[in-house]
Participant: 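Okay, here's the structure, questions in a sec.
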2 protein chains.
Amino acid sequence: MTELEKYIQSYFGISQEDLAQVGALFKRQTIKKGDYFLKTGRVCDKLSFIQSGLLRIYVQTPNKEVTQLISTKGYFVTDLASLIFNTPARWTIQALTDAEIYTIDSQDYNRIGTLIPKWHELEKLFIARCFTILEDRIFTHLSMTAEERYHFFFERNKELFNQVPLQYIASMLGMTPETFSRIRKKSIS
Amino acid sequence: MTELEKYIQSYFGISQEDLAQVGALFKRQTIKKGDYFLKTGRVCDKLSFIQSGLLRIYVQTPNKEVTQLISTKGYFVTDLASLIFNTPARWTIQALTDAEIYTIDSQDYNRIGTLIPKWHELEKLFIARCFTILEDRIFTHLSMTAEERYHFFFERNKELFNQVPLQYIASMLGMTPETFSRIRKKSIS
DNA sequence: GTAATTTCTTGATTTATGTCAAGAGCTTTT
DNA sequence: AAAAGCTCTTGACATAAATCAAGAAATTAC
């Protein structure tokens, strides 16, 4: 079983055969550090699984660049709204490191449901789980200070802190790099 | 066509017959101002459509009460994670006004998929749309000041401002009632 | 291995937002 | 209609976080 299949298995819980069928629709692909997976304004016509490497999802606003998420091994990456509704992508997605990904194009993606009858239901559950993760993330912004968000995130994502420029984590947590740096200093000493 | 059916129609786009079938699973119910629709820690075994009235979704934390959302006419209300995964509810949901709602219990909810084959797919799309709304909301916290969030929300939800205690809107936007009040004053004059 | 670039830290300062406390203005209750 | 509760506002002040600027540290390019 490939790693992709293992992850799909764990997220969706489908049979060996179904797994092989879905897995086969994903094509292995490498993407170099700095390359763009997606740019704001284009329609996102693919969904990828990250086998290795790191991708950053962000938006360029008039004032500043805002990092929405850093996606790592084992996660799927796409602009969901754009993929599903064919709207222009809100996010730009760029590789922070060389990355190995498995990609399915939107055509094949839309075909999964016909191959595997239960797929829509399982995917519904998967997206619902993603939904609740975002609910919780909003809650952190309503209830926590920058410092609390830092610790909360750090406890759950220690590895990330020595893999990516910290300014991106700062942005993702809704604070400036300077504030991030000061909290970090306090926390280390 | 009932209002419930009209909304389901607009969200899910299903046929007249299917609509009648789903619609029939919802039972009309009234709920008095102050009544609890759901309490944190219980398992949420229902999903409701709001026909009229306002419900507030919030959490009591050790320090303060945090309002996650105020739900209005035309919206569905539930603790999605709890409904789907049978986990203890994170949110408490309380009526801010007398409300008229249409409720489906989790048993019937889980049966829709067997009645209407396309349901899971349509619901997937519906939840995906909710997902992207939350993505956008997170973005407001990463990119905007309290004042900007105020205006952004105000432009889109003017009516709400003379229907509910403003402190709840303040909380929902991630600021104190005092800050909210000051921004409001500036904005009026 | 040195230069060039990018990233991170630090200090000084400003600005935004939170806290506390009091009172005014509404609603609801009696 | 007075009393009791809420809710909102306001001022004074405290604190958190942003901004600006400079330099140190790390990384990447040559």
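Numbered from 1 within each chain, the chains take letters A, B, ... in sequence-line order.
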Participant: Report the residues that fulfil ring pair (Phe, Tyr, Trp, His ring centres under 6.0 Å) with B:F26, sequence neighbours left out, ordered by chain and then residue number.
Facilitator: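 By the ring pair (Phe, Tyr, Trp, His ring centres under 6.0 Å) rule, B:F26 matches no residue at all.
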Participant: For B:S82 and B:T87, does a side-chain donor sit closer than 3.5 Å to a side-chain acceptor?
Facilitator: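 Judged by distance alone, the side chains do not pair up.
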Participant: How large an angle, rounded to 10°, do the end axes of the helix from C:dG1-D:dC30 to C:dT30-D:dA1 enclose when each is built from five base pairs?
Facilitator: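 Its terminal axes enclose an angle near 50°.
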Participant: How would you give the extent of chain A contacts on DNA chain D, as first and last nucleotide 5' to 3' within a 4.0 Å heavy-atom cut-off?
Facilitator: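 Endpoints of the contacted stretch of DNA chain D: D:dA17 to D:dT28.
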Participant: Mind checking whether B:L54 and B:Q163 have side chains closer than 4.5 Å, heavy atoms only?
Facilitator: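 They are in contact (side-chain heavy atoms under 4.5 Å apart), so the answer is yes.
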Participant: Could you tell me whether the side chain of B:N157 and the main chain of B:F154 form a donor-acceptor pair under 3.5 Å?
Facilitator: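 No, because the side chain of B:N157 does not come within donor-acceptor range (under 3.5 Å) of the backbone of B:F154.
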Participant: Can you give one letter per nucleotide of nucleotides 24-30 of chain C, going 5' to 3': B for a protein heavy atom under 4.0 Å from the base, S for sugar-phosphate only, - for none?
Facilitator: ----S--
Participant: I'd like to check the salt bridge (charged side-chain N to carboxylate O under 4.0 Å, His left out) partners of A:E135; sequence neighbours left out, ordered by chain and number.
Facilitator: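 Partners of A:E135 by the salt bridge (charged side-chain N to carboxylate O under 4.0 Å, His left out) criterion, ordered by chain and then number, come out as B:R90.
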Participant: Check ring pair (Phe, Tyr, Trp, His ring centres under 6.0 Å) between B:F12 and all other residues, then give those that pass, not counting sequence neighbours.
Facilitator: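 B:W119, B:F126.
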Participant: Among residues 140-161 of chain B, which contact DNA chain C at a heavy-atom distance under 4.0 Å?
Facilitator: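 Residues of residues 140-161 of chain B that come under 4.0 Å of DNA chain C are, in numerical order, B:T145, B:A146.
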Participant: Report, as a single string ordered 5' to 3', how protein heavy atoms within less than 4.0 Å touch nucleotides 4-12 of chain C: B base, S sugar-phosphate only, - not at all.
Facilitator: ---SSBBBB
Participant: Taking side-chain contact (heavy atoms from CB on, under 4.5 Å) as the test, write out the residues that go with A:K27, two or more places apart.
Facilitator: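 Testing A:K27 for side-chain contact (heavy atoms from CB on, under 4.5 Å), a comparison that skips the adjacent residues, returns none.
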Participant: Within the 4.5 Å heavy-atom criterion, are B:K46 and B:I104 side-chain neighbours or not?
Facilitator: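 Heavy-atom side-chain distance check fails, nothing below 4.5 Å.
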Participant: Report the distance from atom CD1 of B:I183 to atom P of C:dT17, rounded to the nearest whole Å.
Facilitator: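 For the pair B:I183 CD1 and C:dT17 P, the rounded distance is 6 Å.
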Participant: Could you pull out all residues at least two apart from B:F49 that satisfy ring pair (Phe, Tyr, Trp, His ring centres under 6.0 Å)?
Facilitator: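 B:F49 satisfies ring pair (Phe, Tyr, Trp, His ring centres under 6.0 Å) with B:Y7, B:F76 once adjacent residues are dropped.
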Participant: List in chain and number order the residues that pass ring pair (Phe, Tyr, Trp, His ring centres under 6.0 Å) with B:H120, two or more places apart in sequence or in another chain; answer none if no residue qualifies.
Facilitator: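 Residues passing ring pair (Phe, Tyr, Trp, His ring centres under 6.0 Å) with B:H120: none at all.
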Participant: Residues two or more places apart in sequence or in another chain: which of them pass side-chain contact (heavy atoms from CB on, under 4.5 Å) with A:T67?
Facilitator: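 A:T67 satisfies side-chain contact (heavy atoms from CB on, under 4.5 Å) with A:R56, A:Y58, A:I70, A:Y168, A:S171, A:M172 once adjacent residues are dropped.
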